[in-house]
Amino acid sequence: MTTTPPQQNDESGESDLDSALVTARRQLERAAAHIDVDDGVIERLKHPTRVEQVSVPLERDDGSVDVFTGYRAQHDDVRGPYKGGLRYHPEVNADECVGLSMWMTWKCAVMDLPFGGGKGGISIDPKSLSDDEKERLTRRFAEELRYVIGPTRDVPAPDMGTDAQTMAWFMDAYSMQQGETIPGVVTGKPPVIGGSYGREEAPGRSTAIAAREAVDYYDMDLENTTIAVQGFGSVGANAARLLESWGADVVAVSDVNGAIYDPDGLDIESIPTHEEEPEAVLKQDAPETLSNEEILELDVDVLIPAAIGNVITADNADDIAADIVVEGANGPTTFAADTILEERGVHVIPDILANAGGVTVSYFEWLQDINRRKWSLEEVNQELESKMLDAWEEVRTEVEEKELSWRDAAYVVALSRIAEAKATRGLWP
Ligand code: NAD
């Protein structure tokens, strides 16, 4: 087996905050150690197929021109077209896109979707753009990426700094260039132009399903379960609302400014989500307020970090009092913290399984687009439930048979599928 030493993400090696690339490579190594897989396959998976770097000129509203750098990393497509978000953020760079594209490869494979991993974006602060500038930038980006994307090649989606409207511009520009309407070139579009019902709520819904299944697996009763949710945005609020509707007591939620806590359970439906009214959590009546550090350490049954990455670290892992952590956010637990939680018997349901509802409903959107047939919200939610339960069963089997953590088991399921596909297709030429 070929091994690469785990990389530190800062030169001193003192930080345990993990970059996407470090995490993705480390998980590949860990999963490879648990299954019989050809060294050549692992070697191929350490490298992306392609990283497209483009210059994106933008005419500003005042007539001046600025040029920005855009990327599209395509990691692996052995199981189908590359799939993953496009982000507009000042820190977008090639390495980050490669790491996040690898992460998408594992996420699509654990859900058994016929996609591989991609990720891209433009290094820019989206807040510095007017709506018109954002539209021009997006249309030009679509033109620059035209030869590497497409519904059977690589299918982008919204990510940080981009949204359904951005995807609509992207799809329109691509369609105009190709001379026909091609909705399947991107997902996360508004439903009126081929987007799927239920896409926006899907990562929160899958996170709630993962929490429900974990509670059941560990012989707890959802009706007597207390839950804390960090982050009350798309993922956190949708997960909290569903879990409350299924009978759980969501006792604490937070946004960027802090948390509210009621040991008897909050009235979750009455709290506006980040989209409905940004940063409204602390405006609600509640017996106690807490900091974002304190909410992570609450003595609850289930903790759902659903805000940002790297919040559970070596510094606070010993103080996590929940029995189960369900990762709604991407990468909320660092590698060092993961080891501590495992030693302490805290069960962590990993992001690539828990929040995979987003890419799963993106797959449903793509199916609807290429088949020109709209699904109802009920159909979408039913299919998502079924996909989640199938993935849960596959991962649970690995947890039990190989005595693995949920994270290692999820990566083993993903890597097994990819390795088998590579072995079956062979290496050309
Ligand atoms: P969002 O912007 O809708 O909401 C984020 C929430 O977190 C807000 O309530 C915000 O106030 C809060 N927040 C921001 N910074 C915080 C901080 N430092 N401490 C505590 N709270 C903070 O975002 P979202 O779409 O819900 O995404 C949340 C996480 O889930 C991210 O890690 C994202 O990558 C991941 N994710 C999102 C999707 C998706 O499709 N929305 C899919 C998979 C994973």
Side-chain angles (χ1 to χ4, degrees), residues 17-18 20 23 83-89 91-92 96 99-100 103-104 106-108 110-111 119 121 126-127 156-164 166-167 186-189 195-196 198-208 210 228-241 252-260 268 271-284 289-296 303-313 316 326-333 349-363 365 384 388:
L17 302 187
D18 302 327
T23 303
K83 186 86 196 76
L86 288 178
R87 55 176 59 175
Y88 292 173
H89 189 276
E91 279 160 34
V92 166
E96 184 193 59
L100 293 170
W103 217 329
M104 286 304 297
W106 320 140
K107 201 181 267 195
C108 291
V110 78
M111 294 306 296
K119 198 70 138 196
K127 292 194 197 93
D159 204 279
M160 284 161 68
T162 58
D163 57 14
T166 322
M167 293 304 110
V186 285
T187 59
K189 301 176 297 292
S196 180
R199 168 66 182 80
E200 180 55 36
E201 302 82 16
R205 176 170 284 269
S206 63
T207 301
V229 182
Q230 186 189 50
F232 207 65
S234 170
V235 179
N238 281 305
R241 285 180 175 178
V253 299
S254 76
D255 63 21
V256 68
N257 298 320
I260 51 175
I268 292 297
I271 307 172
T273 68
H274 182 67
E275 201 185 56
E276 289 160 1
E277 186 191 340
E279 328 309 4
V281 167
L282 287 185
K283 292 183 195 157
Q284 312 304 309
T289 59
L290 304 170
S291 69
N292 259 306
E293 289 72 43
E294 288 168 328
I295 191 175
L296 296 172
L303 170 67
I304 303 182
I308 54 169
N310 292 325
V311 292
I312 304 178
T313 68
N316 63 358
V326 180
E327 296 186 326
N330 283 325
T333 314
I349 311 302
D351 44 14
I352 61 162
L353 175 62
N355 71 30
V359 70
T360 303
V361 175
S362 273
Y363 165 55
E365 179 174 334
L384 176 58
M388 283 303 293

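Read the numbers this way: they start at 1 and go in the same order the structure lists the ligands and their atoms.
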Please verify whether a non-hydrogen atom of G358 lies at under 4.0 Å from ligand 1. no

Does the T207 side chain pair with the main chain of G328, one donor and one acceptor, at a distance under 3.5 Å? no

For ligand 1, which atoms have a heavy atom of I308 less than 4.0 angstrom away? 15 (N), 17 (C), 18 (N)

heavy-atom search around atom 2 (O) of ligand 1 in the protein gives H274 CD2, 3.7 Å

Kindly identify the option in V281, V256, D351 whose heavy atom sits closest to atom 14 (C) of ligand 1. V256

Looking at I312 and P305, what are the two nearest heavy atoms and their distance? CD1-CG, 4.3 Å

Should one rank A280, S206, G357, A307 by closest heavy-atom distance to atom 31 (C) of ligand 1, which comes out on top? A307

Could you tell me which atoms of ligand 1, counted from 1 in the order shown, lie closer than 4.0 angstrom to a heavy atom of A329? 29 (C), 30 (O), 32 (O), 35 (C)

E275, CD atom: more than 12 neighbouring heavy atoms under 6.0 Å: no

Who gets closest to atom 32 (O) of ligand 1 by heavy atom: N330, I295, V311? N330

Any nitrogen or oxygen of A306 lying under 3.5 Å from a nitrogen or oxygen in ligand 1? Just yes or no. no

Would you mind finding which of S234, G328, A239 brings a heavy atom closest to atom 23 (O) of ligand 1? S234

Using only heavy-atom distances, determine whether the side chains of S362 and R199 contain a donor-acceptor pair under 3.5 Å. yes

Donor + acceptor pair across side chains of T166, D163 (<3.5 Å): yes

If you count the atoms of ligand 1 from 1 in the order shown, which ones are under 4.0 Å from a heavy atom of N292? 19 (N), 20 (C), 21 (N)

Should you measure from each heavy atom of E279, which atoms of ligand 1 turn up under 4.0 Å away? 11 (O)

Say whether G231, considering both its backbone and side-chain N or O atoms, lies within less than 3.5 Å of an N or O atom on ligand 1. no

Tell me whether N292 contacts the main-chain N or O of D255 through its side chain, where contact means a donor paired with an acceptor under 3.5 Å. yes

Side chain, backbone, both or neither: the part of E200 lying under 4.0 Å from ligand 1 by heavy atom: neither

shortest atom 27 (O) of ligand 1-to-protein heavy-atom contact is with V235 CG2, 4.0 Å

Using a 3.5 Å cut-off on N or O atoms only, is N355 in polar contact with ligand 1? no

May I ask you to list the atoms of ligand 1 that are less than 4.0 angstrom from any heavy atom of P203? 38 (C), 39 (C), 40 (O), 42 (C)

Look at atom 5 (C) of ligand 1 and find which of S362, G233, G188 reaches it with the closest heavy atom. G233

